[in-house]
Amino acid sequence: MGAVKASPQSQLRLLELADLDAELARLDHRRRGLPEVAELIRLEARAGELKDELVGTETELSDLVREENRAERDVEQVRTRIDRDRARLDAGQVSAARELATLQSEIESLRRRQGDLEEIVLELMERREGLTNRRDELTAERDSLGTQAAEVAARRDAAFKEIDEQAGKAAEQRATVAADVPADLLKLYEQIRDTRGVGAAMLRAGRCEGCHLSLNKVDLNQIRSSAPDEVVRCEECRRILVRTPESGI
Ligand SMILES: [Zn+2]
């Protein structure tokens with residue numbers, strides 16, 4: 001690796017490359033960390049919960065409606081029987097005292113039964129009302145959640161578009177700069193970038209701009225005595241150290 005040599009101009013290009021890579025990394029980080037992305041995940045999770053709850057409520061509601069209809073039919077049946085008995089009574093069809101008493105007692109018991117059934121219907125109606133309200137609440141929340149999610153998605157997409165445009169420009173510039181760097185130097189840079197995130201750094205005032213550590217005298221002297229086309233590395237972070245007039249050597 002130490003064998004890589006490159007003109008100072010080529011080495012300087014690495015600093016442009018490192019800036020562009022930093023910019024691309026920053027944009028990628030921003031894209032991943034957009035608050036809208038997290039917000040959408042949260043909204044989607046809530047929408048899933050709502051959907052399940054809504055399905056449960058609808059099922060319960062339709063069961064209840066069926067039960068209510070059944071109870072109403074029962075009431076109707078009892079009512080019909082009462083009417084029929086009353087009609088017989090009113091028509092004077094029944095004259096025997098015992099039969100009369102039986103009929104009257106049947107009407108009594110049917111009335112009680114009607115009262116009980118009507119109470120059941122009432123109770124079912126109340127439960128249905130409660131469930132209908134709950135369903136309406138859930139539907140309203142689902143709808144507003146949908147609106148909210150659409151707004152957040154639009155904001156996210158706008159941010160994505162902006163980030164992607166910037167990243168596209170940076171990538172284009174990067175390709176231009178990379179085309180100007182000799183292949184072996186570029187390869188070394190990429191290898192370091194893969195492990196370090198940034199492949200090259202400026203040596204400024206005796207300090208590596210990559211790891212921000214000051215070089216010791218021995219290392220500085222060694223760099224000072226290196227030929228300009230020699231590619232030197234930071235002893236601390238192993239990045240390529242690019243020498244400039246500001247290097248302090
Ligand atoms: Zn360093």
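In listed order, ligands and their atoms are each counted from 1.
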Participant: Do Q104 and E108 have a side chain donor and acceptor closer than 3.5 Å?
Facilitator: no
Participant: For R174, which of E23, E190, E16 qualifies under salt bridge (Lys or Arg N to Asp or Glu O under 4.0 Å)?
Facilitator: E190
Participant: Return all protein N, O or S atoms below 2.8 Å from the Zn ion (ligand 1), chain by chain in residue order.
Facilitator: C208 SG, C211 SG, C234 SG, C237 SG
Participant: Heavy atoms only: give me the nearest P228-R243 pair and the separation to one decimal.
Facilitator: O-NH2, 3.5 Å
Participant: Quickly, which of R134, R135, R142 forms a side chain to side chain donor-acceptor pair (under 3.5 Å) with E53? Name it, please.
Facilitator: R134
Participant: Any salt bridge between R70 and E67, counting N to O under 4.0 Å?
Facilitator: no
Participant: Is a salt bridge present between R79 and E118, judged by a nitrogen-to-oxygen distance below 4.0 Å?
Facilitator: yes
